[in-house]
Amino acid sequence: MEQGPKISDAEWEVMKVVWDHAPMTATEVLDLLPHDQWKQKTVNTFLARLENKGVIESRREGRANVYSCLLSEGECCRTEGSHFLSKVFRGKVAPMMLHFIENEELSDDELDELRAVLERKAR
């Protein structure tokens, strides 16, 4: 299993904003999150946790911290995907893929992409 930081669901919401817009301040992060669900103190707490986990870093500019990414979204997705695969599908890729292919709607483009990947893997 790929090792990396464990990111909570709420931390993922914060990180999606940071990945899309970094570098940015905590106030800027809050501005891009749903205001009915988030408060500044909560955002600050999650940013501190993510910094402690090594996902982001901060530098002081005037009175604010400016946050930048240390790990890419892809790196965190690989880690989270490995945890999910291990926990839910006992580390087996084929049953996971079959589950999602059989139970989710896929566009023609997504099906074509899956076919292409499987053909490349078969070679």
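When a residue number appears, it is its place in the shown sequence, counting from 1.
Counting only distance, with no hydrogens or angles, the side chain of E73 and the backbone of M15 share no donor-acceptor pair below 3.5 Å. Proximity of a side-chain donor or acceptor of S82 to a complementary backbone N or O of R78 within less than 3.5 Å is detected.
Atom OG1 of residue T42 and atom CG of residue L47 lie 11.0 Å apart, to the nearest 0.5 angstrom. Taken to the nearest 0.5 Å, the CG atom of D20 stands 9.5 Å off from the NZ atom of K16. Taking NE2 from H83 and NZ from K6, the interatomic distance works out to 5.5 Å, rounded to the nearest 0.5 Å.
When V29, T27, L33 are each tested for a side chain to side chain contact (heavy atoms under 4.5 Å, CB included) with D31, only one passes: T27.
Grouping the Ile, Leu, Val, Met, Phe, Trp and Tyr side chains by contacts below 4.5 angstrom, directly or via other members, places V66 apart from L50. Following chains of ILVMFWY side-chain contacts shorter than 4.5 Å, one can reach L71 starting from W12, so the two form part of one hydrophobic cluster. Cluster membership for L32 and W19, using ILVMFWY side-chain heavy atoms within less than 4.5 angstrom, is shared.
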Would you tabulate the side-chain donor-acceptor contacts of residues 87-106 under 3.5 Å, counting partners in other chains and residues two or more places apart, or write 'none'?
{"from": "H99", "atom 1": "ND1", "to": "N103", "atom 2": "ND2", "distance (Å)": "3.2"}
{"from": "N103", "atom 1": "ND2", "to": "H99", "atom 2": "O", "distance (Å)": "2.7"}

Give the table of side-chain donor-acceptor pairs shorter than 3.5 Å for residues 55-62, with sequence neighbours excluded, one pair per line with atom names and distance.
{"from": "S58", "atom 1": "OG", "to": "E51", "atom 2": "OE1", "distance (Å)": "3.2"}
{"from": "S58", "atom 1": "OG", "to": "E51", "atom 2": "OE2", "distance (Å)": "2.8"}
{"from": "R59", "atom 1": "NE", "to": "E61", "atom 2": "OE2", "distance (Å)": "3.0"}
{"from": "R59", "atom 1": "NH2", "to": "E61", "atom 2": "OE2", "distance (Å)": "2.7"}
{"from": "R60", "atom 1": "NH1", "to": "N65", "atom 2": "OD1", "distance (Å)": "3.2"}
{"from": "R60", "atom 1": "NH2", "to": "R63", "atom 2": "O", "distance (Å)": "3.1"}

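C77 is not listed as a side-chain neighbour of F84, based on a closest heavy-atom distance of 4.5 Å or more. L118 is not listed as a side-chain neighbour of R115, based on a closest heavy-atom distance of 4.5 Å or more. Residues H35 and L30 are in side-chain contact: their nearest non-hydrogen atoms beyond the backbone lie under 4.5 Å apart. Side-chain contact between E11 and R49 is present, with at least one heavy-atom pair separated by less than 4.5 Å. Q37 has its side chain out of reach of E13: every pair of non-hydrogen atoms, C-beta onward, lies at least 4.5 Å apart.
Residues A26 and V43 approach most closely at O-CG1, 3.9 Å, considering heavy atoms. Across W38 and A10, no two heavy atoms sit closer than the pair CH2-O, 3.6 Å. The minimum heavy-atom distance linking A22 with S68 is given by the pair CB-CA, 4.2 Å. Residues I7 and C76 approach most closely at CD1-SG, 3.7 Å, considering heavy atoms. A pairwise comparison of heavy atoms in A64 and T25 identifies CB-CG2, 4.0 Å as the closest pair.
The environment of D9 atom CG is sparse: at most 12 non-hydrogen atoms of other residues, nucleotides or ligands sit within 6.0 angstrom. Heavy atoms from other residues, nucleotides or ligands lying under 6.0 Å from CD of E113 number 12 at most. In this structure, D108 places its CG atom where only 12 or fewer heavy-atom neighbours from other residues, nucleotides or ligands lie under 6.0 Å away.
Residues forming a ring-ring contact (aromatic ring centres under 6.0 Å, His included) with Y67 (at least two apart in sequence, or on another chain): none.
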